[in-house]
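Step one of this worksheet: look at the structure below.
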Amino acid sequence: MAEALAASLPAPQAAPTPAAPTYEAIPASMSKVIDIEAEIPVTCVQLDGLVVTKIIKHCRDAPSVSSAHGLLLGLDLDGTLEISNSFPLPHHVADDDDKSNKSIARYQASMLRSLKEVQSDDSVVGFYQATSMGAFFSQALVDTQAIHQDRLRHGGIVVVHDITTTARGTASFRAFRLTKAFLDAYKRNNFSTSSLISHRLTFSSIMEEIPVKIRTNALLSSFLTTLTQPSYSPLPDVSPVQAVSTSLPPSFSTLNLGTPGLTKNLEQIIDSLDQYKTEEGNLAYLQRQIAREKMRADSYVAKRKEENAARVAQGLAPLPEEDISRMFKIPHDPSRLESMLLLGQVDAYAKSLAVTSSAGLVKMYAAKASSGV
Amino acid sequence: MSSGDEDAAPSKPITPAAKPAMSRFLRTAGSDSSSSDSESEDEDESEISEDEGQEKKKSRFVHGGSDSDASDEEEGKRVVKSAKDKRLEEMEATGKVMDNALKINDWVAISTEFDKLARMVQRQQNVAEPVPPFYIRTLAGLEGSLNAALAKEKEAKKKMNASNAKALTAMKQKVKKTVKEYEKEIKQFQTDPEEFERAYAVSVQPEPVPIKDPRRTKKAVDDGDEEEEEEEVDDDFTTVGKGGKTMQFTSEGIFKGLQLVQEARGKKNTDRSEQIRILEKLLGVAVTSYQRIRVLLALVSSRFDYNASAATHMPASAWLSAQREIDQLVSIIASDPSYTVQEVTDDYDELEERTPADSPGGVVRIRGSIISFVDRLDDEFTKSLQNIDPHGTDYIDRLKDEKGLYCTICRAQAYYELSEQPDPLARVIMRRLEHIYSKPDAVVQALESSLSASDISPRVNLAAQGSTGGLVQALCIHLYKGINSLLRTRAMLCHIFHHALHNDFYTARDMLLMSHLQESIHSADVATQILYNRTVVQLGLCAFRCGLIKEAQATLQDIFTTQRVKELLAQGVHQQRYQQVLSPEQEKAERQRQLPFHMHINTELLEAAFLVSSMLVEIPLLASIDSEELKRKAISKPFRRLLDFADRQTFTGPPESTRDHIMQASKALQDGDWEKCRDLIQSIKIWSLMPEVASVKEMLAKRIQEEGLRTYLFTFAPHYSTLSLSLLSRTFALPLRTVTSVVSKMIWNEELAASLDQAAGVVVFHRIELSRAQQLALSLADKVNTMVEQNEKALDIKLGGGGGWGDRTDGNKGEKRGEQTQERRGRGERRGVGRGGARGRGARFAQGLGNQMSGQQSQRGGR
């Protein structure tokens, strides 16, 4: 998917410049906030109400969590990335990569063209990804974002939408981009232990979060307000239940004693722990392999040195120092990216588990208190 | 002196004993039929290497026959011809053969014939006769044809085969050498052949009859002994002839003779059998004790020298005579305290007779070592047992000699007790102990019974101690008192083994645990490690016989998980695996380490015991756990593997092997069908090898009933809310008391969520079913726990200090950490060593067992 996206994206410098010659004079009041050269860093992401609803709808309807992803369109203004539109991308399951990649790229290109034709925003600023329990770390996400950050103006962002919390009544949107240190390591394709240490990388420093604002236009806000405002019945003789009516009745779902996602959460955390364990096992195996090879090489070198010393003592010419790296294929340090991402997942699951269970505990105490036991 | 012999010797890699007989055979055949060629030699050689022992006998026989034939023939001729003429004739016959061979370009034959000719001429010179012109003529002719052949060979490269070409070049060298020797004669001959021959005729004529008939001298020298070469006759001729052979075998000439033999010892061309024969003769004429001791010392060591290579064993007859002579030696020394044999003595003149009177302290000290003779004798015995097919009657016959050997060892022990030499005494006691520790009482009694007949006997014997246990104990105690720690260790192991053999499990186990051997055994030598493994295995078998199933399983488990039972017990050679190939030396060493067959612990019986005890432990356990996760943690991996394999089988036929029996029995046990299980287990044939079969079978039946009950409860408890105890007792044919106690135990151990209703006589089951979330939470807790442990370990490795954790943590935790680090260190060592050698392997087993044992110990301590 990442490659497909990359292929379809416009070249980085092409995006902002096409209109350059036909610029009209920028009003003085705006000259400071419009940065043609993308000099002002993005400090805030602003989601349109439209985008929010579109993402929520897409993610809820998607057959699986990981398949729900799409592109974000918009513009940046004075450090704020305004996302005004989005559209979902198709997800092909178990197709051969090449074909699905191509079709995704085609769809994306035609979508962008169509949007341009209706004078809508058509510049890609990032993508969104659905997730559950907050564990959004995955190789695919990191890959895609790395490509975006390379090609897009301002690097682009990824908006992560957590459907689990949304189902509980608090929609969650978080915007991220990769940190510089991670990008550096990623470009070198070096996630060995030493590189992790030198880049000060842990799973929490892979991404940096950008604050998200949700903007609705005035009309929409006032409509929403009316929805939540109770209206009093004008009739004098109504029952108290019917006296107050709201179009959006208050939800008491948070008081539900059951903890719906708990089992799922536990399963997932166990799964990712298992995966992590396997990954650790692989790493340890590779580590041993390397150690063994190194030892062999070292012993060879030592032997050669000894031999040379003996030869010198005998007055013979020392044997040439051979290229050890050619004789012993010492494998590279294993990449720890995968295990790091898995750790990130475990962490996210654990956090969400903590939230759920603490809420559950509070509810239990409340229930106990109210039942008077 | 004869170049031919030396050239031929290295090229023939056959045993020295067989070789002389061979070449002799060839020679007689050659002179008779004049058609010996390389092919027949090759054939015979391969035959020899195929079957050494047989061939030796055969060739000896053939040779003897041809010998008598030849002498008959010659007897006839002797009437008409003088010895000189006969020799000439012989030479000419050889020359003819050479001519024939020359015609067909067979250089191998030429080479052998030429060697023979050279020998004859040599002999001629020995009797001070001039070189016959015939020889010179042949030499000159040979030189010419050799040059021609070489030239031809150069032109046509492919014509000769390898052996022929080799022989040709060898011939070239030889002829060159010989020609140089006889340069003058050849020149004379070449200038005027007629004149040369005439000169020879003249020189021969006035000579009197030659000094000796070589035929007769030969006969005199080797009257009894057949395995002798003619060139050796020349050899001996010089040696023996020096002092006149009738003179030599007198008591005065003994020391001279001894010295001669001693000088010849270890030399390449020395004929060992001849030496032994000379020594035997010397022994016959020795009169004083001193002389006899000296001769016996030399004789025994030359008997042991008889086999040059370490791979083959001594022939039984030689061994027996050696044993007899050691006995003789011991009785001489023991009966006369004024003579001692010591490894270190003052220098003394080897050629002089010494008596107690003229020696300091009235004791004649003679250099020698009886203990090393005994050691060697025992080793040779073991070696011969290793080499004899254990399923033949030969083996039994050889085994009968153990009695004599045991007797010899005891006599040596008695001698050392008398002379109070602690170090050799400990060694000889160890030897004695090794002969009896693994044997059943009856055999030990038989061995001991032979002692009463001997003139001297050690202080410790069966009659005095009353039982074999007492005997072993007494011997071991003597060794425990000694200073040699290796012998102490071995004695301890033998003692434990003996206890285990006599079903004294608790004593044996306590001794093993108290000895703390499991901690140091991996640094011991391989033989001791093997003994340790044997002891542990025997302990496991003992536990099995005593009905201590769990202990048996735990003890035997370690050795079975290695999957190299035979190798670890030194009862079979290592299986070659793809990643490691043993060097020939290692393989040889391993082969030498093998125990003789009669000492083997039957591995099939061992396996049966292990698998049955695994079954009895594992099947209830399997029934008690329900999650897949726990199932993977098998107690006994080998058993679980077999069971899984049996599960995968689509069709199962009637059981054939022991394993089949046990697997089907396991399945029956799983189904609660204990009767079938019992029948299957009891029908295993290998039990018959176990002492007290009936009681063991009975014990097994009882265990199967109990474990069947447990399995049944585990498997079917969820389907009942209450279960009548009387029904259980009827189903499993167990008394009500036993059923109640089994159920109570299970409830107490929290294996069964139930309670007993005494009044109604039922088991009431309580069911607590965990919700999915609870289950998951539990397994999550487990996983997190392992992860934490892993992290700690990783940190530990990172910090590098092996003792770091152990030092820092205190109290109860310290012990555990220590264990961990030890384990880890062990692993590192394993990695470092790179699975090198048998020592590492043994060490691993020993180490694993050590941990196990210490674990058990701490458990016991905790209880």
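Side chains are part of it too, since the values below use all heavy atoms of this structure and drop only hydrogens, waters and symmetry mates. Protein chains get the first letters and strands the later ones, always in sequence-line order, with residue 1 at the start of each.
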Any side-chain heavy atom of [X] sitting closer than 4.5 Å to one from [Y]?
{"X": "B:Arg772", "Y": "A:Glu267", "result": "yes"}
{"X": "A:Leu353", "Y": "B:Leu780", "result": "yes"}
{"X": "B:Thr786", "Y": "A:Lys277", "result": "yes"}

- Query: So which heavy atom on A:Leu266 is nearest to which on B:Ala773, and how close?
  - Reply: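 The pair with the smallest heavy-atom distance is CD1-O, 3.4 Å.
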
- Message: Rounded to the nearest 0.5 Å, what separates atom OH in A:Tyr276 from atom CD in B:Gln790?
- Response: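 Reported to 0.5 Å precision, the distance equals 7.5 Å.
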
- Task: Please round to the nearest 0.5 Å and tell me the distance separating atom CG of A:Leu273 and atom CE of B:Met787.
- Result: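 One finds 5.5 Å between CG of A:Leu273 and CE of B:Met787.
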
- Message: Counting only heavy atoms from other residues, nucleotides and ligands, does the tally under 6.0 Å from CZ of A:Arg311 exceed 12?
- Response: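 Atom CZ in A:Arg311 is crowded, with more than 12 foreign heavy atoms closer than 6.0 Å.
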
- Any chance CZ of B:Phe645 has more than 12 other-residue heavy atoms, nucleotides or ligands included, within less than 6.0 Å?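 For B:Phe645, atom CZ is not crowded (no more than 12 foreign heavy atoms under 6.0 Å).
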
- Message: Going by side chain to side chain donor-acceptor pair (under 3.5 Å), name the residues that satisfy it together with B:His766, two or more places apart in sequence or in a different chain.
- Response: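 Residues passing side chain to side chain donor-acceptor pair (under 3.5 Å) with B:His766: B:Ser755.
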
